[in-house]
Amino acid sequence: MMQLIEKLKRKRSLDIEEYQRLIDERDEETASVLAAEAKKICDEIYGDEVYTRGLIEISNICKNDCYYCGIRRSNRNCVRYRLSRDEILECAAEGYELGFRTFVLQGGEDPFFTDQVLEDIIGQMKSSYPDCAVTLSLGERPDESYRRLRRAGADRYLLRHETADREHYRKLHPEPMSFDIRMKCLHSLKDAGYQVGCGFMVGSPYQTSLTLAKDLKFIEEFSPDMCGIGPFIPHRDTQFRNEPAGTCELTCFLLSIIRLIKPNILLPSTTALGTVDPAGREKGILAGANVVMPNLSPVSVRKKYELYDNKICTGEESAQCRGCLEDRMNIIGRRLSVDRGDIKTAEVKYDR
Ligand code: SAH
């Protein structure tokens, strides 16, 4: 195991079988060595600053029917909402006051948000706050749409690949969704000039150490600017309601590996991680993550953006959410950063 870790540090790459072995044969000692290495290199690049992004959940209306997701189209129990342009801009104004310099607009694939509607919102945000980055996380769109929104000023796009294994993808998504379209979207986003984030759930149904190894290889090859990973958590109104949740332990282990593959990558410690373990977000940071994404959505809709059961932070105001995370980060010796939080591209030492 120590040899694998040495190789990973030296080459920033392992074979798929080696990633698989690292996962299958992991133990506490391997995890703590990996976490220490990941944290060390993250500190060298990012210091004690944790980047923050203000998350605005703009709609839970979705035309897709992903088997794992609480806001899937066929969930009749989901009470739907959509924020208006003005509500979104109000969330951003409040976030700006609180020190956020990146706003993430996330939502289901809601046909109401046409290119025109989004161009207007993005344009307004960029002109009010030229010092801020706007990130979109609105799922699959045509090539031309990605380009238009980029021209309107969007800087970054998060689109989790969900799994890098075609058969596994099929078990998580019904037709007409497809692995090929997902991958094509990710490449289009890069071509359109976004800083791109991919990612996956840890412990999703039918996931194996081999599919995870393929996720790691995909990250190595695609070389995203960001990677969002968090545990899968079942939602009561989905067919995966009785499946076990992913663990904090495995998520942290994978965060460390990803940090060692891509030392500069932006790696959030997610709300889902904080949901499976009360200290999950702190543990994620200590395993090599360097981003947190507190919620800026109006409290009135928070409970409705329920991708999985028992999601945390659905009752607090934005300021409380930020304050709570700030305290949590300070306790582990980190500071919340007040800047856009772009990826640092400074050369890191690769001892080949
Ligand atoms: N519609 C957008 C945003 C999706 S929500 C898109 O397609 O990108 C953001 C992420 O939440 C998803 O990519 C998925 O990985 C995660 N998610 C959905 N359901 C989940 C669940 N039950 N447990 C954990 N994460 C989940």
Side-chain angles (χ1 to χ4, degrees), residues 53 55-75 78 80 82 104-113 118 135-141 145-146 149 154 156-164 168-169 172-174 176-179 181-186 188-189 194 196-207 211-212 215 224 226-248 250-251 254 268-277 280 284 293 295 297 304-312:
R53 282 81 170 85
L55 182 65
I56 307 175
E57 296 154 335
I58 65 172
S59 171
N60 70 353
I61 296 170
C62 193
K63 65 178 167 67
N64 290 334
D65 216 17
C66 309
Y67 296 133
Y68 46 83
C69 184
I71 65 169
R72 60 198 300 252
R73 181 185 68 215
S74 57
N75 181 8
C78 174
R80 305 288 167 171
R82 169 188 295 141
V104 182
L105 305 185
Q106 189 180 84
E109 292 193 19
D110 178 349
F112 172 82
F113 288 99
L118 287 169
T135 303
L136 303 178
S137 177
L138 301 169
E140 298 172 6
R141 304 179 73 94
S145 169
Y146 288 148
L149 302 179
R156 310 181 184 137
Y157 205 106
L158 297 175
L159 183 73
R160 290 188 176 181
H161 64 287
E162 311 296 358
T163 170
H168 185 211
Y169 192 92
L172 299 177
H173 308 91
M177 294 187 79
S178 85
F179 178 75
I181 296 174
R182 199 75 178 177
M183 288 293 156
K184 187 176 150 292
C185 285
L186 279 164
S188 302
L189 287 165
Y194 288 91
V196 179
C198 64
F200 58 93
M201 293 177 286
V202 177
S204 63
Y206 309 106
Q207 186 175 69
T211 64
L212 282 172
D215 288 318
M226 304 166 261
C227 181
I229 76 166
F232 158 78
I233 303 172
H235 186 288
R236 61 192 174 284
D237 295 322
T238 65
Q239 67 195 66
F240 293 149
R241 65 181 66 87
N242 295 322
E243 297 290 329
T247 63
C248 179
L250 181 53
T251 305
L254 293 164
S269 194
T270 58
T271 305
L273 193 54
T275 301
V276 292
D277 183 325
M293 298 172 69
N295 202 320
S297 307
K304 298 180 187 148
Y305 197 80
E306 204 184 25
L307 308 178
Y308 46 81
D309 287 340
N310 306 316
K311 185 176 161 206
I312 55 168

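We count ligands from 1, going down the list as the structure has it; atoms in each ligand are counted the same way.
Side-chain atoms of Asp215 and His161 form a donor-acceptor pair, as typed in the model, at a separation below 3.5 Å.
Scored by the salt bridge (charged side-chain N to carboxylate O under 4.0 Å, His left out) test, Arg53 finds no partners at all (sequence neighbours excluded). Every residue two or more places apart in sequence or in another chain that forms a side chain to side chain contact (heavy atoms under 4.5 Å, CB included) with Thr238 is listed here: Arg72, His235, Phe240. Ser137 meets the side chain to side chain contact (heavy atoms under 4.5 Å, CB included) test with Val104, Gln106, Leu158; sequence neighbours excluded.
Between Tyr146 and Tyr157, the distance from one ring center to the other falls under 6.0 angstrom.
Remark: Glu109 engages Lys63 in a salt bridge, criterion side-chain N to carboxylate O under 4.0 Å.
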N/O contact list for ligand 1, threshold under 3.5 Å:
{"from": "ligand 1", "atom 1": "1 (N)", "to": "Gly107", "atom 2": "O", "distance (Å)": "3.0"}
{"from": "ligand 1", "atom 1": "7 (O)", "to": "Arg182", "atom 2": "NH2", "distance (Å)": "3.4"}
{"from": "ligand 1", "atom 1": "13 (O)", "to": "Glu162", "atom 2": "OE2", "distance (Å)": "2.6"}
{"from": "ligand 1", "atom 1": "15 (O)", "to": "Arg160", "atom 2": "NH1", "distance (Å)": "2.9"}
{"from": "ligand 1", "atom 1": "15 (O)", "to": "Glu162", "atom 2": "OE1", "distance (Å)": "2.7"}
{"from": "ligand 1", "atom 1": "15 (O)", "to": "Glu162", "atom 2": "OE2", "distance (Å)": "3.4"}
{"from": "ligand 1", "atom 1": "22 (N)", "to": "Tyr68", "atom 2": "O", "distance (Å)": "3.0"}
{"from": "ligand 1", "atom 1": "22 (N)", "to": "Ile233", "atom 2": "O", "distance (Å)": "2.7"}
{"from": "ligand 1", "atom 1": "22 (N)", "to": "Leu307", "atom 2": "O", "distance (Å)": "3.3"}
{"from": "ligand 1", "atom 1": "23 (N)", "to": "Ile233", "atom 2": "N", "distance (Å)": "3.0"}
{"from": "ligand 1", "atom 1": "23 (N)", "to": "Ile233", "atom 2": "O", "distance (Å)": "3.3"}

